[in-house]
Student: 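One structure coming up, written as structure tokens, with questions to follow.
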Amino acid sequence: MRKSLKRRKIDFEEVISDSYSSQKLDSVEKPIKPIVFYLVFVIVALFSLLFLVRTLFFTVTLHDKYADKAHDNINQSAPIISPRGIIMDRNSIPLVENKAIFSVFLRLNEMMRNNEEEAVLDVSDKILGMDRGNVKKTLDETNPEDTTGIILSKNISRDQVIAIKSLNLKSILVENDYERNYKNPAFSHIVGYVGLVNKSDLSKDKNLVLNDLIGRSGLEAFYDKKLRGKNGEIITYYDALGNVIDISRTKEPIAGGDIKTTIDSDLQKYFYKRMLAGLNSLGRTSGVGIAINPQNGEVLALISFPSFDANNISPYLNDPSKPLFNRVVSGLYSPGSTIKPVHATAALAEGIVTP
């Protein structure tokens, strides 16, 4: 039986010697240098090390952050802002109180998940009367990984509440809220005012959340931690398809502590009215007044002119007369003849003069 032979293709290089190919064909096979293998090994090792370091970084260092993000995809937590404490005079008469209002909150994750950005801009423009471009800029500059929700508008009317709720947008919530109501400009420099927290405030105090109010001046600022209270928490539960299953309040807010001052509100208002009339008669706008109980040092009244409306400080920010400046506690003035009894007492005590 004839046995068939399998033919193998022979390349040209296999039948030509290296010496001949180098002389006649200007081509020769050379072994790969060990340095090449070393470089390949180093590159692979570096990439492997980089991959390992990044894996450890994400799984260890950033574990809590991404675990929270994964949790938020299923259960979204939102703070319930606690009402601030009340500031009262010596007779427990409130100098500032919390006024119940409606506020519009935007949940950024829901807006992105349901593609509702255009609808949100329409609500801001057509219902809330906000500038569409400014709202768009705010949305673009807000990082959803750091911020779950923002306040679109505070103190909206009932008609606006009905109009917004009728749209059934998943990303916009209308919630019961409150704002500080300052009763009389006579108390503005004593009580001060509050404002929404900014990035600097959030970096300094981990207990603050984006929609918190923080004291900016006066007693509101000095006793801010006591007045602020503790926020509550509301959690929205979702299924695998992103549909809302349930909404529950897991932690109720705790109102801030009240503060009782030594101020006599009736004396403060009377002092303010009489001093304002006196300044007007002299054609002046600036001045200070303070009434102290000489027996114990209690401050009964404290007035700085010009004053301001603490419910809306925007018009006063660039006022050249500086109404936000508390001239009683921050101004520097020559003592005048009131210093003479002090000098006389010192001279008597040192025996420099006799009675």
Side-chain angles (χ1 to χ4, degrees), residues 78-103 105 151 153-156 175-198 201 204-205 207-234 249 251-273 289-293 296-304 307-314 316 323-324 326 328-330:
I80 305 174
I81 306 300
S82 62
R84 290 177 70 85
I86 305 302
I87 301 175
M88 301 173 288
D89 80 341
R90 66 190 303 111
N91 300 311
S92 299
I93 298 174
L95 305 181
V96 58
E97 61 185 10
N98 298 321
K99 176 184 175 184
I101 60 171
F102 292 108
S103 292
F105 295 88
I151 295 179
S153 182
K154 294 177 72 73
N155 196 13
I156 64 174
E175 298 283 350
N176 294 326
D177 197 9
Y178 78 94
E179 68 178 2
R180 293 298 250 180
N181 182 28
Y182 299 98
K183 293 178 170 294
N184 195 310
F187 303 102
S188 295
H189 286 98
I190 297 175
V191 175
Y193 59 90
V194 296
L196 288 172
V197 298
N198 53 37
D201 300 321
K204 293 177 183 177
D205 191 340
N207 294 320
L208 290 171
V209 295
L210 187 65
N211 298 324
D212 258 330
L213 292 175
I214 189 172
R216 295 300 184 193
S217 73
L219 297 177
E220 291 275 30
F222 193 82
Y223 292 104
D224 180 69
K225 290 186 177 180
K226 177 177 176 61
L227 291 167
R228 193 189 311 155
K230 295 182 179 180
N231 294 327
E233 183 181 45
I234 184 170
R249 297 164 71 103
K251 185 167 61 176
E252 292 295 328
I254 301 175
D258 297 337
I259 291 178
K260 190 173 183 179
T261 68
T262 62
I263 297 295
D264 186 319
S265 60
D266 290 335
L267 174 60
Q268 177 82 7
K269 288 185 283 189
Y270 175 78
F271 196 174
Y272 178 87
K273 182 178 178 180
I290 186 169
I292 299 177
N293 184 343
N296 54 23
E298 291 181 344
V299 177
L300 305 177
L302 184 151
I303 299 169
S304 176
S307 188
F308 61 93
D309 180 7
N311 295 306
N312 181 23
I313 65 166
S314 299
Y316 307 98
L324 299 179
N326 190 337
V328 180
V329 299
S330 301

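Bear in mind that the values here come from a model prediction, so they are computed numbers and not experimental data.
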Student: Taking atom OH of Y223 as the centre, report whether more than 12 heavy atoms of other residues, nucleotides or ligands fall under 6.0 Å from it.
Tutor: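 Open: at most 12 neighbouring heavy atoms sit under 6.0 Å from OH of Y223.
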Student: V194 and Y182: which non-hydrogen atoms are nearest, and at how many Å?
Tutor: N-OH, 3.4 Å
Student: If I compare all heavy atoms of D258 with all of K226, which pair ends up nearest, and what's the gap?
Tutor: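 Nearest pair, atom of D258 first, then K226: O-CE, 3.3 Å.
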Student: Before giving the answer on side chain to side chain contact (heavy atoms under 4.5 Å, CB included), spell out for S103 and I156 the whole-Å C-alpha distance, their side-chain angles and the decisive distance to 0.1 Å.
Tutor: CA-CA 6 Å; S103 292; I156 64 174; over 6 Å; no
Student: Going through the checks in order, is the side chain to side chain contact (heavy atoms under 4.5 Å, CB included) test met by I81 and V209?
Tutor: CA-CA 9 Å; I81 306 300; V209 295; 3.7 Å; yes
Student: In the structure I gave you, are the side-chain heavy atoms of Y272 and S307 within less than 4.5 Å of one another anywhere?
Tutor: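 Heavy-atom side-chain distance check passes, below 4.5 Å.
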Student: Look at the side chain of Y316 and the backbone N and O of A310, then say whether any donor-acceptor pair between them is shorter than 3.5 Å.
Tutor: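 No, Y316 side chain to A310 backbone: no donor-acceptor pair under 3.5 Å.
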Student: Whether the side chain of N326 engages the backbone of S330 through a donor-acceptor N/O pair (distance < 3.5 Å, no angle test) should be reported.
Tutor: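 The answer is no, because no donor-acceptor pair under 3.5 Å joins these two groups.
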Student: Of the non-hydrogen atoms in G229 and S82, which two are nearest, and what is the gap between them?
Tutor: C-OG, 3.6 Å
Student: Can you tell me how far apart CG (N296) and OG1 (T262) are? Round to the nearest 0.5 Å.
Tutor: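 The OG1 atom of T262 is 8.5 Å from CG of N296, to the nearest 0.5 Å.
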Student: Could you tell me if the side chain of P253 sits less than 4.5 Å from the side chain of K230, heavy atoms only?
Tutor: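 Of all side-chain heavy-atom pairs linking P253 with K230, none is under 4.5 Å.
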Student: Are the side chains of R90 and E298 in contact, using a 4.5 Å heavy-atom criterion?
Tutor: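 Yes. Closest side-chain heavy atoms under 4.5 Å.
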Student: Shortest non-hydrogen contact from L302 to I190?
Tutor: O-CD1, 3.5 Å
Student: Using modelled atom types and a 3.5 Å cut-off, is there a donor and acceptor pairing between side-chain atoms of D264 and backbone atoms of L267?
Tutor: yes
Student: Salt bridge or not for R216 and D201, using N-O below 4.0 Å?
Tutor: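 Here R216 pairs with D201 in a salt bridge, since their nearest N and O are under 4.0 Å apart.
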Student: Just how far is it from atom CD1 of I93 to atom CG of D266, taken to the nearest 0.5 Å?
Tutor: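 Interatomic distance, I93 CD1 to D266 CG, rounded to 0.5 Å: 5.5 Å.
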Student: Hey, what do you get for CZ (R84) to CD1 (I259), rounding to the nearest 0.5 Å?
Tutor: 8.5 Å
Student: Can a side-chain donor-acceptor contact be found between E97 and Y178 if the only test is distance below 3.5 angstrom?
Tutor: no
Student: Between K260 and N91, which heavy-atom pair has the shortest distance, and what is it?
Tutor: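 Between these two residues, the closest heavy atoms are CE-N, 4.4 Å.
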Student: State which residues pass salt bridge (charged side-chain N to carboxylate O under 4.0 Å, His left out) with E175; sequence neighbours excluded, sorted by chain then number.
Tutor: none
Student: Show your reasoning for whether side chain to side chain contact (heavy atoms under 4.5 Å, CB included) applies to V96 and K183.
Tutor: CA-CA 6 Å; V96 58; K183 293 178 170 294; over 6 Å; no
Student: Heavy-atom distance under 4.5 Å between the side chains of L196 and I151, does that happen here?
Tutor: yes
Student: Please find the pair of heavy atoms, one from L213 and one from D224, that lie closest to each other, and give the distance.
Tutor: O-OD1, 4.4 Å
Student: Main chain of F308, side chain of H189: is a donor-acceptor contact present, judged purely on distance under 3.5 Å?
Tutor: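 Here the side-chain-to-backbone pair does not exist.
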Student: Would you tell me whether N181 and N98 have side-chain atoms, one donor and one acceptor, within less than 3.5 Å of each other?
Tutor: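 No, no side-chain donor-acceptor pair sits under 3.5 Å.
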Student: Can you confirm whether F102 sits close enough to N176 that some side-chain heavy atom of one is under 4.5 Å from a side-chain heavy atom of the other?
Tutor: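 Answer yes - side chains close enough.
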Student: Using 0.5 Å steps for rounding, measure from the OH atom of Y193 to the CG atom of L324.
Tutor: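 If I round to the nearest 0.5 Å, the distance is 5.0 Å.
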Student: Checking N231 against D212 for the side chain to side chain contact (heavy atoms under 4.5 Å, CB included) test, could you report, in this order, the C-alpha distance in whole Å, the side-chain angles of both residues, the deciding distance, and whether it holds?
Tutor: CA-CA 9 Å; N231 294 327; D212 258 330; 3.2 Å; yes
Student: Measuring from atom CG of L208 to atom NZ of K225, what distance do you get when rounded to the nearest 0.5 angstrom?
Tutor: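 The CG atom of L208 sits 9.0 Å away from the NZ atom of K225.
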Student: Within the 4.5 Å heavy-atom criterion, are I87 and T261 side-chain neighbours or not?
Tutor: yes
Student: Looking at R228 and D205, is any side-chain nitrogen of the basic one under 4.0 Å from a carboxylate oxygen of the acidic one?
Tutor: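 Yes, D205 and R228 are salt-bridged.
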Student: Between K154 and D177 (salt bridge meaning N to carboxylate O under 4.0 Å), is one present in this structure?
Tutor: yes
Student: Under 3.5 Å, side chain of Q268 to main-chain N/O of A186, donor-acceptor pair present?
Tutor: yes
